[in-house]
Amino acid sequence: METEAYRGEDDPGSHASRGPTQRNRVMFGPGGFLYVYFTYGMHFCMNVVTEGGGASGAVLIRALEPIGGIETMNRLRGGREIRELCNGPAKLCQALGVTRELNGLDLTGDMMWISDDGFRPGAIELSSRIGISAGRDKPWRFFVAGSPFVSPGKASPVRTHPILRRR
DNA sequence: TTCGTGATACCC
DNA sequence: GGTATCACGAAC
């Protein structure tokens, strides 16, 4: 599991850094909604909007550990190993069938939602964010330490989260 | 490391 | 209108 945090106009790495546009308008809406964007001519990526109240911000979902629905995800991604199904932000959108049609979806509805399944990571590590040219200084990429299901992209430095460390 | 692929945003 | 850039992935 892996995420990245993106803030608003104070974060040069964020889509929201230059204010609201047609593309990023969902980021400026209420929290708990899905922000899906299209990039590089062929990829979708998904975020959870976090702020609301006129501010902007979102969490990019970069990797997931497949728990169920493996058959379906395999079909959507052309038959790959389980660890290759959701280990990247565009890969997981393909595996889950997330496209621009779901931009703005209410994540408190009954189509897609986030819930606590009881899993607790041993430790969470953080690093700089992947694939951005501005805002590399902020260590806002979070991932489960030692998980084989995080994206292959290398970022440094990597360090253990000072608060979320366990045991 | 290179390239596919096209929307987006911002500059005229 | 033109064009540089892009929160990526797969194949070299």
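Throughout, a chain's letter reflects where its sequence line sits, starting with A, and its residues are numbered from 1. What you see is a predicted model, and the numbers here were worked out from it, not measured in a lab.
Going from atom OH of Y35(A) over to atom CZ of R25(A) covers 10.0 Å, rounded to the nearest 0.5 Å. The line from OG of S56(A) to NE2 of H15(A) is 12.0 Å long, rounded to the nearest 0.5 Å.
The distance between atom CZ of R141(A) and atom P of dC8(C), rounded to the nearest whole Å, is 11 Å. The separation between I132(A) atom CD1 and dC8(C) atom C1' is 14 Å, rounded to whole Å. Distance, R18(A) CZ to dA7(C) C1': 14 Å, rounded to whole Å. As a whole-Å value, the separation of K91(A) NZ from dA11(C) P is 10 Å. The interatomic distance linking E81(A) (CD) with dG9(C) (C1') rounds to 16 Å, in whole Å. The nearest whole Å value for the distance from the CD atom in E2(A) to the P atom in dC8(C) is 10 Å. Rounded to whole Å, the distance from CD1 on I130(A) to C1' on dG9(C) is 13 Å.
Between A134(A) and L92(A), the one whose closest nucleotide on DNA chain C sits nearer the 5' end is A134(A).
A side-chain N or O of S127(A) and one of R141(A) form a donor-acceptor pair less than 3.5 Å apart.
Y40(A) comes within contact range of at least one nucleobase, with a heavy-atom separation under 4.0 Å. Here R80(A) lies in heavy-atom contact (under 4.0 Å) with sugar-phosphate atoms only. Nucleic acid contact class of G13(A) (heavy atoms, under 4.0 Å, all strands): base.
Here F38(A) does not lie in a stacked arrangement on the base of dG6(B), lacking the combination of planes under 30° and ring centres under 5.5 Å apart.
Taking a 4.0 Å limit (strictly below) on heavy-atom distances, residues 20-35 of chain A reaches DNA chain B at T21(A), R23(A). Residues of residues 47-63 of chain A having a heavy atom closer than 4.0 Å to DNA chain C, listed by number: N47(A), L60(A), R62(A).
Without hydrogens or angle criteria, E4(A) side chain to I130(A) main chain gives a donor-acceptor distance under 3.5 Å. Remark: the backbone N or O of T108(A) is paired with a side-chain donor or acceptor of D106(A) at under 3.5 angstrom. No side-chain donor-acceptor contact under 3.5 Å links D11(A) to the backbone of S17(A).
Pairing of dA7(C), defined by two Watson-Crick or G-U wobble distances under 3.5 Å, is not identified with any nucleotide.
The shortest distance between the side-chain N/O atoms of R100(A) and the OP1/OP2 oxygens of dG6(B) is not below 4.0 Å. The side chain of H43(A) places no N or O atom within less than 4.0 Å of a non-bridging phosphate oxygen (OP1 or OP2) of dG9(C).
Residues C86(A) and M73(A) come closest through the heavy atom pair SG-SD, 3.7 Å.
Evaluated for a side-chain contact (heavy atoms from CB on, under 4.5 Å) with L96(A), the options L64(A), L76(A), T72(A) yield exactly one hit, L64(A).
Side-chain proximity of S133(A) to dA7(C), dA7(B), dC6(C): nearest is dC6(C). For M42(A), whose side chain is taken as the heavy atoms from C-beta onward, the closest listed nucleotide among dG4(B), dC10(B), dA7(C) is dG4(B).
With contacts defined as side-chain heavy-atom distances shorter than 4.5 Å, the pair L85(A)/K91(A) does not qualify.
Ring-plane geometry between F38(A) and F44(A) is classed as tilted, the angle between the planes lying from 30 to 60 degrees on a 0 to 90 degree scale.
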